[in-house]
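Notes to accompany the following structure.
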There are 2 protein chains.
Amino acid sequence: MPIAQRESISSSTTATKMRLLDVSGRLFAESGFDSVSLRLITENAEANLAAVNYHFGSKEELIAAVVEKLVGPVNQRRLALLRQINLDVSGACQSIVEAFIDPVIEAASRGDEEDQRFCKLMSRCIASRDERITSLVLRQFPEVLAKFVDALRLVCPWISSDVAHMRIMFMAGAMAHSLFHYDKLVIISEGRCEISSLDSLRNELVQFLSAGMSAGTSK
Amino acid sequence: MPIAQRESISSSTTATKMRLLDVSGRLFAESGFDSVSLRLITENAEANLAAVNYHFGSKEELIAAVVEKLVGPVNQRRLALLRQINLDVSGACQSIVEAFIDPVIEAASRGDEEDQRFCKLMSRCIASRDERITSLVLRQFPEVLAKFVDALRLVCPWISSDVAHMRIMFMAGAMAHSLFHYDKLVIISEGRCEISSLDSLRNELVQFLSAGMSAGTSK
DNA sequence: AACTCAATTAAACGTTTGTTTGAATTATTT
DNA sequence: AAATAATTCAAACAAACGTTTAATTGAGTT
């Protein structure tokens with residue numbers, strides 16, 4: 001009878017359910033949401049094949065659980081950091097960028113998991129091209145976007161609303177792309193570039209984006 | 001006997017084969033490479049289900065044909081534009097950014113297809129997270145990356161090799177992300193932002209990236 | 001007109017997918 | 001201890017997938 005107790009389950013959080021969430025995140029990070037089968041997940045979680053449908057209802061709801069568990073706290077932290085910024089002092093634009101970037105870096109470094117895996121999963125969420133994923137991610141994003149646009153325009157008054165929105169999008173893209181692919185840079189550059197740590201990537205991202213965010217307008 | 005004539009086919013370019021390539025590009029742009037089935041492709045191309053395997057050998061080789069047809073000319077054009085730049089004059093950094101961006105914008109605007117669809121397909125190639133795709137795309141990229149790194153460091157001598165590599169990656173990410181998602185910005189911004197044309201997006205991208213590329217280093 | 005070979009077709013193949021079922025097991029409550 | 005609910009399990013399900021096969025068509029050549 002796996003239907004009636006759906007609601008009582010969502011609060012119980014069985015050990016199996018948590019293991020499924022954890023293993024799913026690991027596998028999704030490496031291969032994407034669609035490529036990972038329920039059989040691979042349940043085998044790695046040492047659970048039965050039917051466990052996902054029992055605990056989450058469907059694969060899609062499992063994905064939703066993984067995604068929301070990941071992006072929710074990050075967006076909350078972004079808003080919290082943004083509120084702490086003194087928008088009057090010089091360097092406030094860099095603080096805005098940091099408020100957008102650092103919650104992701106923090107979460108990646110804090111977790112017991114490996115940095116890269118967390119970054120890849122986060123990148124798959126933020127810059128997904130699957131509407132089923134983006135609809136989940138973008139649900140919370142309008143508030144974040146609006147707050148960051150307001151902050152940016154307070155610090156850089158010469159930026160129009162349209163341009164501010166675009167620049168937030170550019171920032172998200174640069175971050176998501178580099179978070180996912182930075183480990184490949186040593187190969188593509190044929191050994192000429194090596195990123196020593198996630199922190200060094202973060203520093204260069206902040207440097208690059210701060211300049212872009214505060215750039216003057218063309219005309 | 002679909003094996004022996006494989007090479008004679010690749011030069012004949014049947015009407016069916018071209019239709020398959022065209023339809024595949026359209027469908028891949030909208031839904032991604034994996035989500036589009038051979039049945040959907042062949043139905044839209046008014047061809048038989050077996051046509052893809054006959055003309056291309058497999059679905060994977062069809063994807064490879066679509067990808068290489070798309071990214072090859074763009075990278076060639078990038079290198080051509082880069083060679084034309086006078087690296088001594090001021091504003092050379094912006095020219096470098098334009099040499100990276102404009103080949104994509106040109107190709108999107110030139111094609112008979114709709115802008116957005118082309119942008120989405122291009123974005124799926126450039127910033128793919130599927131190793132089967134990235135291995136195709138990145139095959140030509142080391143040369144492009146190296147040339148752009150060299151040009152950037154000539155114009156901005158204070159940038160180290162590592163940082164130059166990263167900034168190219170940031171640029172690619174900002175471009176790919178915004179090319180794919182810019183039509184969603186009007187929804188996410190809840191009507192507060194609307195991108196009038198692909199050209200306006202291009203102009204803001206150039207403005208943003210030029211500032212980021214030429215930014216000073218942190219210490 | 002007979003032959004040749006590329007191209008198309010309909011049908012079936014074997015896998016893999018997410019999901020469902022009903023019984024067995026374990027845990028919790030009465 | 002008995003009864004009830006929650007969880008696990010093996011097995012099977014239908015659907016969708018890429019691929020293959022063998023027969024058929026059609027144009028170009030000998």
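Side chains included, hydrogens not; waters and symmetry mates left out as well; all remaining heavy atoms used. The sequence lines fix the lettering, A, B, ..., with proteins before strands; numbering per chain opens at 1.
Within the 4.5 Å cutoff, the side chain of B:L62 has heavy atoms near those of the B:I41 side chain. Counting only heavy atoms from C-beta outward, the side chains of B:L20 and B:T42 approach each other to under 4.5 Å.
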Strand DNA chain D as a dot-bracket string - pairs counted if Watson-Crick or G-U with both distances under 3.5 Å, | where the partner lies in another strand: |||||||||||||||||||||||||||.|.
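Not one side-chain nitrogen or oxygen of B:N53 sits closer than 4.0 Å to the OP1 or OP2 atom of D:dG18. The phosphate of D:dT7 has OP1 or OP2 within less than 4.0 Å of a side-chain N or O from A:T14. OP1 or OP2 of C:dT8 has at least one side-chain nitrogen or oxygen of B:H55 nearer than 4.0 Å. For D:dG18, neither phosphate oxygen OP1 nor OP2 lies less than 4.0 angstrom from any side-chain nitrogen or oxygen of B:S58.
Using a 4.0 Å cut-off on heavy atoms, the residues of residues 29-42 of chain B that approach DNA chain D are B:V36, B:S37, B:L38, B:R39, listed by number.
For A:H165, there are no ring pair (Phe, Tyr, Trp, His ring centres under 6.0 Å) partners two or more places apart in sequence or in a different chain. Take B:Q116 and apply the side chain to side chain donor-acceptor pair (under 3.5 Å) test, not counting sequence neighbours, and it matches no residue. Judged as a ring pair (Phe, Tyr, Trp, His ring centres under 6.0 Å), and not counting sequence neighbours, A:Y182 has no contacts. A search for side chain to side chain donor-acceptor pair (under 3.5 Å) contacts involving B:S58 returns B:E61, not counting sequence neighbours.
If you check every strand for non-hydrogen atoms under 4.0 Å, B:A50 touches a base.
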